[in-house]
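Some notes on the structure that comes next.
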Amino acid sequence: MSEEKSLNFIEEIITQDLASGKYASILTRFPPEPNGYLHIGHAKSICLNFGLAKQFGGKTNLRFDDTNPAKEDIEYVDSIKEDVKWLGFEWAKECYASDYFDQLYTFAVQLIEKGLAYVDDSSAAEIAEQKGTPTAPGTGNAFRNRSIAENLALFADMKAGKYADGEKVLRAKIDLASPNMHMRDPLLYRIKRAHHHRTGDEWCIYPMYDFAHGQSDSIENITHSVCTLEFIPHRALYDWCIEQLGIYPSHQYEFARLNMTYTVMSKRKLLQLVEEGHVESWDDPRMPTISGMRRRGYTADSIRDFCDRIGIAKRENIIDLSLLEFCVREHLNKIAQRRMVVTNPIKLVITNYDVGEEILHSENNPEDPNGGTRNVPFSNELWIEREDFMEEPTKKYFRLGPGLSVRLKSAYIISCESFEKDAEGNITTVYANYHPNSKSGQDTSGIPVKGTLHWVSAKHAVPVVLNEYDRLFSVEDLASAEGDFKDFMNPNSLKKVEAYAEPALANDALVARFQFLRKGYFYQDTNSTKDKLVFNRTVTLKDTWAKEQKK
RNA sequence: UGCCUGAUGGUGUAACGGUAGCACAACUGUUUUUGGUGCAGUUUGUCUUGGUUCGAAUCCAGGUCGGGCAACCA
């Protein structure tokens, strides 16, 4: 505990604010728009905002930024709450920007009364035109000079529903020549007749992000409002609103959003994958959504660990997917129950085993001395992996082949004597001798073996289905890849595989996380049933043999 | 050709004028009844040019390159 971990730039700011007495305690917020499911990028923001509060003894609000009814839905609100909870965080208050609609309307009226806002009858295209370009200043229009009384009346009529959608907007009167495009008389309110998931049809005018977010922060007395880099140009407007309204001064700070190799991270694109059927659903285990990762078998611990490791800074970044996988493996290695499952089987017959069958014992987790053992039935007919036998073994092959010996995990050492092929030349059966004095834990045989194989007794095997997932995309950096991101989808991102499992798997608690020996980490799928067990591959084990083979 | 940002190994992230460190990735070796895990080690870096200083990744000036900004989205 003596090692001082260095602080990121936001932690430094908070440390100073607390030390100087600017704040007695801090209040942060996580402000998603309920228009999609949360993804790993949101996890970074959640861990940051809730983590900051926890670290400095403050609190965090969960606030839904629900100012655009056309895109939002209660389904998303529910999923967001579930995901934040699952990640292990508790919010102080559950807030909605829509709860502030009355207050926001009053703020707008105040701005009009100060001569700082006006109703504009121009079309969207005209307004865009009049805003100019980053290198050319905008031009005003006649509406900019309307009287306060007229603006007040017009805005009241907008609210009362006297105008059609898009007919009028309320704009702030700031500076049409500002080098910051966001300060060129930004829109504050638009008319939009859409059913809101919370306020129903009560309103036909809705505040824009820039008129809702900062004020919502202020209303809740948020001290540190942390968002991503693309909002930097909005900060001037954020501050302007707070200053003109004379309300609680929340402050905005920006950090770089998460990008990850082989992954798309925008809600728009993720929505597209779902709607066009490229994946099953938002919680498809290949999706980078929190719900997808949960279904795939990622643990909340490992995601939090990942967010901790990637750090917080202001420079653009792209994190290796392998770091996330490392975090998952590291946690799962410690907690996963070991089981044996054979996916691509060939029959192994032990010719001199005349005991019939016996019950062997295998440790549930070698990383956990208190993990206990389970019963594993053994007999003279077993399933082993096809790739664990080679007719003409190469030099570094440590598995089975004519004349070679291996250890069967938690069982005996066997020596291969012969094998059979079918008409097409495929290996069908391998015959071996076992060494009775080599039993696991009481081996006196002294036979040196280099390989240990997993196996399943054929007579006792339980059929299961494995979903073997691979990355959804085949290029590292999708953001800088030319063309449509869907052109880079990996056609082999899901392989459904029939497999044989040891019987203990069927009886185990369904909530357990498993490591199928030498295969990877697996987690029971939400569609799995007692009669048809389905497991999702969370992540493979590291495979140095596969690398060796590629050479 | 405007404004705002940023630049440290392959990828991230520290060093706050004083030994460029850590993690992942890659590669060795070692241990191992998982070709897993563990352990030990190796390789690879301060965008550039000047300046200030005893001393610069850090401060200053110029340049280069990356990202963002012209939605009635957030």
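Letters go in sequence order (proteins before strands), and every chain restarts at 1. Fair warning: this is a prediction, and the values are worked out from it, not measured in the lab.
Side-chain atoms of A/Asn49 come within 3.5 Å of backbone N or O of A/Ser45 as a donor-acceptor pair. The backbone N or O of A/Thr135 sits less than 3.5 Å from a side-chain atom of A/Thr133, completing a donor-acceptor pair. For A/Arg513 (side chain) and A/Thr538 (main-chain N/O), no donor-acceptor pair under 3.5 Å exists by modelled atom type.
When each of B/U5, B/C72, B/A74 is scored by its nearest atom to the side-chain atoms of A/Glu33, the top-ranked nucleotide is B/A74. For A/Val169, the side-chain atoms get nearest to B/C72 when compared with the rest of B/G12, B/C72, B/U34. Comparing B/C72, B/G35, B/C69 against the side chain of A/Met181 picks out B/C69 as the nearest. In the set B/C4, B/U11, B/C72, the nucleotide with an atom closest to the side chain of A/Ile232 is B/C4. Comparing B/A14, B/U33, B/A25 against the side chain of A/Arg407 picks out B/U33 as the nearest. Taking the side chain of A/Pro233 as heavy atoms from C-beta on, and the options B/G68, B/C73, B/A14, the nearest nucleotide is B/G68. In the set B/A23, B/C16, B/C4, B/A23 carries the atom at the smallest distance from any side-chain atom of A/Arg309.
Judged by centroid separation below 5.5 Å and plane tilt below 30°, A/Tyr209 does not stack onto the base of B/A74.
Between the side chains of A/Tyr100 and A/Glu220, a donor-acceptor pair is found at a separation under 3.5 Å.
With hydrogens and angles ignored, no donor-acceptor pair closer than 3.5 Å exists between the side chain of A/Glu254 and the base of B/U5. Remark: the A/Ser440 side chain and the B/U33 base include a donor-acceptor N/O pair separated by less than 3.5 Å. Looking at A/Arg338, its side chain comes within 3.5 Å of the base of B/U34 through a donor and an acceptor atom. Residue A/Glu367 places a side-chain atom within donor-acceptor reach of the base of B/G36, judged by atom type and a 3.5 Å distance cut-off alone. The base of B/U34 does not come close enough to the side chain of A/Arg518 for any donor and acceptor atom to sit less than 3.5 Å apart. For B/A71, the base has no donor-acceptor partner in the side chain of A/His182 [N/O atoms by modelled type, under 3.5 angstrom]. At a cut-off of 3.5 angstrom, counting only N and O atoms as typed in the model, there is no donor on one side facing an acceptor on the other between the side-chain of A/Arg315 and the base of B/G67.
Residue A/Arg190 places at least one side-chain N or O under 4.0 Å from the OP1 or OP2 atom of B/C73. For the pair A/Lys542 and B/U34, the criterion of a side-chain N or O lying under 4.0 Å from OP1 or OP2 is not met. Taking 4.0 angstrom as the limit, A/Thr67 places none of its side-chain polar atoms (N or O) nearer than this to OP1 or OP2 of B/C73. Phosphate contact (OP1/OP2 of B/A26, side-chain N/O of A/Lys547, threshold under 4.0 Å): present. In this structure, A/Thr544 reaches the B/G36 phosphate: one of its side-chain N or O atoms is under 4.0 Å from OP1 or OP2. Side-chain N/O atoms of A/Arg268 include none lying less than 4.0 angstrom from OP1 or OP2 on B/A74.
Among the protein residues, A/Ser266 comes within range of no part of the nucleic acid, since none of its heavy atoms lies under 4.0 Å from any strand. Nucleic acid contact for A/His454: none, since no nucleic acid atom lies under 4.0 Å from a heavy atom of the residue. Across all strands, A/Ile413 comes closer than 4.0 Å to no nucleic acid atom at all (heavy-atom distances). Base contact: A/Arg399 has a heavy atom under 4.0 Å from a base atom. Across all strands, A/Lys519 comes closer than 4.0 Å to no nucleic acid atom at all (heavy-atom distances). Using a 4.0 Å heavy-atom cutoff across all strands shown, A/Tyr189 reaches no nucleic acid atom at all. Residue contacts shown for A/Pro366 include a base, since a base heavy atom lies under 4.0 Å away. The residue A/Glu325 sits apart from the nucleic acid: no heavy atom pair falls under 4.0 Å. Across all strands, A/Phe326 comes closer than 4.0 Å only to sugar-phosphate atoms, never to a base (heavy-atom distances). Using a 4.0 Å heavy-atom cutoff across all strands shown, A/Lys439 reaches at least one base atom of the nucleic acid. Nucleic acid contact class of A/Ala313 (heavy atoms, under 4.0 Å, all strands): sugar-phosphate only. When heavy atoms are screened at a 4.0 angstrom cut-off, A/Asp320 is found touching base atoms of the nucleic acid. Within the nucleic acid shown, A/Gly441 comes within 4.0 Å of at least one base atom, counting heavy atoms only.
Between A/His234 and A/His182, the two ring planes are tilted [angle within 30° to 60°].
Using a 4.0 Å cut-off between charged side-chain N and carboxylate O, A/Glu254 and A/Arg235 make a salt bridge. The pair A/Asp157-A/Lys168 fails the salt-bridge criterion, with no side-chain N (NZ, NE, NH1 or NH2) lying under 4.0 Å from an Asp/Glu carboxylate O.
Under a cut-off of 6.0 angstrom, the local environment of CD in A/Glu167 is crowded, with over 12 non-hydrogen atoms contributed by other residues, nucleotides or ligands.
Where RNA chain B pairs in unbroken runs of 3 or more (Watson-Crick or G-U, both distances under 3.5 Å), the stems are B:2-7 with B:64-69, B:10-13 with B:21-24, B:26-30 with B:38-42, B:47-51 with B:59-63.
Identified under the ring-ring contact (aromatic ring centres under 6.0 Å, His included) test for residues 304-332 of chain A, with sequence neighbours left out: none.
The distance from atom CG of A/Leu154 to atom CZ of A/Phe143, rounded to the nearest 0.5 Å, is 9.5 Å.
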